[in-house]
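In what follows, a single structure is set out as structure tokens and then discussed.
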Amino acid sequence: MPVTITIRSVPDDVRNALAARAKRQGKSLQEYLQGELRNLAGKPTAEEWFDEVRRTMSKYPRSELSGDEIVELIHQDREERDSLIIERVEGKWLE
């Protein structure tokens, strides 16, 4: 069952900015704010998001490689891939 929420002491400039946004969307201020509250409630906070990331990461084994080693391996793989692409493209031009 819906409840009524009252927010006191909202500065005029804030109220006016929100009312202008509502008007641009063809909504009343109440409709606009209800939608914004739904969106806000549907998204995790930064803390909730990080907690979920930590829970997910805890399910996977940690790498024994350092970040620098991982980056170096990625660069090596990309260089190998690029070399293969160049060889194949150059081979087709020679045919």
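Computed from a prediction, not measured in an experiment: that's the story for all the values here.
Checked against salt bridge (Lys or Arg N to Asp or Glu O under 4.0 Å), R81 has no partners two or more places apart in sequence or in another chain.
Sorted by first then second residue, the side chain to side chain donor-acceptor pair (under 3.5 Å) pairs that include residues 61-75, not counting sequence neighbours, are S66-E69, E72-Q76. Legend: salt bridge (Lys or Arg N to Asp or Glu O under 4.0 Å) pairs involving residues 40-53, not counting sequence neighbours, sorted by first then second residue: D51-R54, E52-R55.
Contact of the E36 side chain with the N39 side chain is registered, since non-hydrogen atoms from C-beta on lie closer than 4.5 Å.
Here the straight-line distance linking atom CD of Q30 with atom CG of L37 works out to 10.5 Å at 0.5 Å rounding.
Cluster annotation: V3 and L29 are assigned to the same hydrophobic cluster (Ile/Leu/Val/Met/Phe/Trp/Tyr, side-chain heavy-atom contacts under 4.5 Å, transitive).
Residue Y60 is found outside any hydrophobic cluster, as its side-chain heavy atoms come under 4.5 Å of no other Ile, Leu, Val, Met, Phe, Trp or Tyr. As a member of the Ile/Leu/Val/Met/Phe/Trp/Tyr network built from side-chain separations under 4.5 Å, I86 groups with nothing else and remains a singleton.
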Report, one line per pair, each donor and acceptor closer than 3.5 Å where one atom sits in a side chain of residues 5-26; sequence neighbours left out.
residue: N16; atom: ND2; partner: D12; partner atom: O; Å: 3.2
residue: Q25; atom: OE1; partner: K27; partner atom: NZ; Å: 3.4

